[in-house]
*Asks:* 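Structure in structure tokens, see below.
Residues take their numbers from the sequence shown, with the count starting at 1.
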Amino acid sequence: MRPDWIGVYPAVTTNFHADESLDLDTFNKNIEAQLSAGVHGIIICGSLGENSTLSFDEKQTLLKNTVKVVAGRVPVVICVAESITREAIRFVQESEKNGADGFMLLPPMRYPSDDRETVHFLKKVAAHTSLPIMLYNNPLAYKTFISLEMFEELASEPKFEAMKESTGDVRYMTDIINKFGDRYKIMSGVDDLALESLLMGAHGWVAGLVDAFPAETVAIYELAKTGRVEEARVIYRWFFPLLHLDVSTKFIQNIKLAEVYTGIGTEYVREPRLPLAGAERAKVVKIIEDALATRPVLPAFQKTSLVAE
């Protein structure tokens with residue numbers, strides 16, 4: 001199923017056993033929870049999916065598994081986060097063979113490429129796949145900024161259909177819309193800027209806390225997009241302390257801990273990450289427990305048809 005980059009696309013966690021091997025049973029349980037809540041796509045092997053700790057073969061195992069579990073109900077998108085151009089090319093080619101519906105493509109990892117190098121990398125990877133691509137713009141985490149001028153140059157490649165907007169500045173999104181109109185679909189990539197982004201024209205939300213709270217995330221999106229803004233705002237304000245957990249160096253540990261509390265995940269991470277401990281863990285636990293104690297009753301809504309803004 002071809003992604004249209006509209007709606008809620010969870011960036012799912014990668015589940016492990018205590019020995020750090022892949023836990024596909026728990027992984028699949030979480031994906032089914034996402035689908036039951038009405039998400040519009042699934043993204044695997046992103047930053048939240050601990051991409052940097054996964055081998056090439058493990059990523060392909062997760063992809064083949066996800067394609068089988070999802071069974072065409074929504075698009076399956078896999079993240080490309082490679083350090084070497086030829087490895088990124090090999091990755092998109094193999095992923096296309098294994099059933100990916102699209103890619104979320106990061107600029108080169110580890111090396112902060114300049115503008116010319118970044119555009120060259122992105123275009124060269126795109127030239128080796130027939131699948132649609134969402135460009136991932138996250139200069140805060142990855143030190144490489146895709147500017148308006150670069151997006152203008154990239155617009156000549158039709159496979160670049162969307163962008164994950166994670167600059168942390170909601171104003172940048174309006175600059176993008178003013179400059180490019182509907183050339184790119186825009187997906188909000190920062191959980192605690194999501195409602196603001198949706199109201200200012202984002203087509204969707206690449207979400208993190210959705211991994212623990214899929215129903216609430218989908219509700220905010222659907223209510224916002226059908227004009228029920230006050231109802232969306234009430235849920236968003238309740239959700240906000242949790243959403244802040246996504247904007248943290250330990251966002252993976254935070255979100256996995258939240259998944260434990262909602263029964264659709266485990267705390268196991270792959271080293272060098274370690275599960276939260278001590279006062280740090282207690283602080284996150286309190287946020288999660290406070291949220292669960294005041295969890296709102298969600299209003300009824302109908303899943304919107306996926307029509308571009």
Side-chain angles (χ1 to χ4, degrees), residues 9-24 26-27 30-31 42-66 76-95 98 100 102-113 117-118 121-122 124-125 133-146 164 166-168 187 189-191 206-211 245-259 265-276:
Y9 280 54
V12 297
T13 56
T14 299
N15 297 103
F16 302 109
H17 295 290
D19 65 358
E20 298 190 4
S21 61
L22 295 177
D23 178 358
L24 294 180
T26 304
F27 182 79
N30 190 282
I31 287 178
I42 296 288
I43 300 174
I44 66 169
C45 300
S47 306
L48 187 49
E50 296 179 69
N51 185 301
S52 63
T53 71
L54 298 170
S55 70
F56 184 98
D57 289 342
E58 285 176 323
K59 293 173 190 178
Q60 295 305 315
T61 295
L62 287 164
L63 173 59
K64 288 183 277 190
N65 171 84
T66 306
V76 175
V77 175
I78 189 166
C79 181
V80 186
E82 304 301 320
S83 301
I84 304 172
T85 304
R86 66 175 179 269
E87 284 300 301
I89 290 169
R90 183 169 79 98
F91 186 80
V92 296
Q93 291 174 329
E94 187 68 15
S95 297
N98 287 330
F103 297 108
M104 180 169 72
L105 176 59
L106 279 154
M109 292 287 94
R110 297 184 179 88
Y111 170 64
S113 50
E117 291 169 324
T118 300
F121 171 84
L122 297 172
K124 192 164 185 177
V125 174
I133 295 169
M134 174 172 61
L135 297 166
Y136 187 177
N137 197 14
N138 189 342
L140 298 176
Y142 302 116
K143 312 307 179 189
T144 303
F145 175 58
I146 306 176
K164 180 181 176 185
S166 297
T167 62
M187 305 286 284
V190 181
D191 268 5
V206 177
L209 267 298
V210 67
D211 292 343
L245 298 177
D246 183 55
V247 189
S248 163
T249 302
K250 295 188 179 178
F251 69 114
I252 293 167
Q253 292 95 319
N254 294 343
I255 291 172
K256 282 192 164 183
L257 184 54
E259 288 177 337
T266 69
E267 275 193 87
Y268 297 124
V269 288
R270 185 166 277 181
E271 293 188 16
R273 289 184 178 87
L274 296 172
L276 299 177

*Asks:* First locate atom CG of L276, then atom CG of N254, and finally report the distance between them rounded to the nearest 0.5 Å.
*Replies:* 5.5 Å

*Asks:* Which atoms form the tightest heavy-atom contact between G46 and M104, and what is the distance?
*Replies:*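 In terms of heavy atoms, the two residues are closest at CA-CE, 4.3 Å.
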
*Asks:* Looking at C45, is its backbone amide N or carbonyl O close enough to the side chain of N51 to form a donor-acceptor pair, meaning the two atoms are under 3.5 Å apart?
*Replies:* yes

*Asks:* What are the two closest heavy atoms between F91 and F56, and how far apart are they?
*Replies:* CA-CE1, 3.6 Å

*Asks:* Distance from L62 atom CG to F27 atom CZ, nearest 0.5 Å?
*Replies:*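 Going from the CG atom of L62 to the CZ atom of F27 covers 5.0 Å.
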
*Asks:* For the residue pair Q60 / S95, report whether a side-chain donor-acceptor contact shorter than 3.5 Å exists.
*Replies:* yes

*Asks:* Counting distance only, does the side-chain N/O of N30 pair as donor-acceptor with the main-chain N or O of D211 below 3.5 Å?
*Replies:* yes

*Asks:* Within the distance-only criterion (no hydrogens, no angle test), does the side chain of T13 pair as donor or acceptor with the backbone N or O of N15 below 3.5 angstrom?
*Replies:* no

*Asks:* Measure the spacing between CG of N137 and OG1 of T167 and express it to the nearest 0.5 Å.
*Replies:* 6.5 Å

*Asks:* Which distance, rounded to the nearest 0.5 Å, do you find between the CG of N138 and the CG of L135?
*Replies:*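 It is 13.0 Å, given to the nearest 0.5 Å.
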
*Asks:* Kindly write out the residues that satisfy side chain to side chain donor-acceptor pair (under 3.5 Å) with S113, not counting sequence neighbours, or none if the list is empty.
*Replies:* T118

*Asks:* Is K256 reaching over with its side chain to a backbone N or O of T14, donor-acceptor style, under 3.5 angstrom?
*Replies:*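 Indeed, once roles are kept as given, a pair shorter than 3.5 Å links the two residues.
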
*Asks:* Mark yes when over 12 heavy atoms from residues, nucleotides or ligands other than Y268 sit less than 6.0 Å from its OH; otherwise mark no.
*Replies:*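 Incorrect, the count does not exceed 12.
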
*Asks:* Before you tell me yes or no, could you show the steps for L48 and I43 under side chain to side chain contact (heavy atoms under 4.5 Å, CB included), namely the whole-Å CA-CA distance, both residues' side-chain angles and the distance that decides it to 0.1 Å?
*Replies:* CA-CA 10 Å; L48 187 49; I43 300 174; over 6 Å; no

*Asks:* Look only at the side chain of D191 and the backbone of G208, and say whether a donor-acceptor pair between them is shorter than 3.5 Å.
*Replies:* yes

*Asks:* Is the closest side-chain heavy-atom distance between Y111 and S83 below 4.5 Å?
*Replies:* no

*Asks:* Using atom types as modelled and distance alone, determine if a side-chain donor or acceptor of T53 lies under 3.5 Å from a backbone N or O of E50.
*Replies:*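 Flag set: sc T53 to bb E50 pair under 3.5 Å.
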
*Asks:* Is it the case that D57 and S55 place a side-chain donor and acceptor less than 3.5 Å from each other?
*Replies:* no

*Asks:* What are the two closest heavy atoms between A100 and I78, and how far apart are they?
*Replies:* CB-CG2, 4.1 Å

*Asks:* For Q253, check side chain to side chain donor-acceptor pair (under 3.5 Å) against everything at least two apart and list the hits.
*Replies:* none

*Asks:* Of all the heavy-atom pairs spanning F103 and V92, show the shortest one and how long it is.
*Replies:*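 Of all heavy-atom pairs spanning F103 and V92, the closest is CZ-O, 3.4 Å.
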
*Asks:* Does a side-chain N-to-carboxylate-O contact under 4.0 Å join E87 and R90?
*Replies:*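 The answer is yes: the pair qualifies as a salt bridge.
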
*Asks:* For G265 versus T26, what's the shortest heavy-atom pair and its separation?
*Replies:*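 For G265 and T26, the tightest heavy-atom pair comes out as CA-CG2, 3.8 Å.
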
*Asks:* Can you find a pair of side-chain heavy atoms, one from L63 and one from K59, that are under 4.5 Å apart?
*Replies:*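 Counting from C-beta outward, L63 and K59 never come under 4.5 Å.
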
*Asks:* Please report the shortest heavy-atom distance between P107 and T144, naming the atom on each side.
*Replies:* CB-CG2, 3.8 Å

*Asks:* Please report the interatomic distance CG(L106) to CG(L122), rounded to the nearest 0.5 Å.
*Replies:* 9.0 Å

*Asks:* Could you tell me the separation between the CD atom of E271 and the CZ atom of F16, rounded to the nearest 0.5 Å?
*Replies:* 11.5 Å

